[in-house]
Amino acid sequence: EHLNEPFQAAKAVFDAMHPGGIVLFAVPFVAQYHGAPYDFYRYTKGGVFHVLTRAGFCVSKSAMAGGGDYIYAMSLNAGYGAGDFSPEELN
């Protein structure tokens with residue numbers, strides 16, 4: 001969100017990686033403006049997919065998390081289900 005040229009940055013990461021490497025790309029979707037020193041973007045899942053695939057990455061949409069609960073979403077991607085969490089953990 002703080003890069004003014006995200007496409008160039010994503011391409012530089014892609015070019016620097018070894019074949020088979022994995023990228024964890026995590027950004028907030030809802031956040032107040034907080035320039036540090038700049039604040040340029042908020043990414044939807046579609047926006048992340050667009051930036052990364054344009055850079056050359058193979059992005060599995062089924063592995064994309066989102067919706068505001070990152071830990072829960074990543075747990076689901078790792079094979080856990082809602083029944084693996086207590087009600088307190090889900091709230």
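In what follows, residues are counted from 1 in the order of the sequence shown.
- Considering every non-hydrogen atom in both Pro6 and Tyr43, the closest pair reads CB-OH, 3.1 Å.
- Residues satisfying the side-chain contact (heavy atoms from CB on, under 4.5 Å) criterion with Val13, sequence neighbours excluded, are Met17, Val23, Phe57.
- At least one side-chain heavy atom of Phe7 sits under 4.5 Å from a side-chain heavy atom of His50.
- Both Leu52 and Tyr41 belong to a single network of hydrophobic side chains, linked directly or stepwise wherever heavy atoms of I, L, V, M, F, W or Y lie under 4.5 Å apart.
- With sequence neighbours excluded, the residues satisfying side chain to side chain donor-acceptor pair (under 3.5 Å) with Asp15 are Lys11.
- With sequence neighbours excluded, no residue forms a ring-ring contact (aromatic ring centres under 6.0 Å, His included) with Phe49.
- Residues Tyr38 and Val51 fall within the same hydrophobic cluster, defined by Ile, Leu, Val, Met, Phe, Trp and Tyr side chains chained together at heavy-atom separations under 4.5 Å.
- Interatomic distance, Asp39 CG to Leu3 CG, rounded to the nearest 0.5 Å: 11.0 Å.
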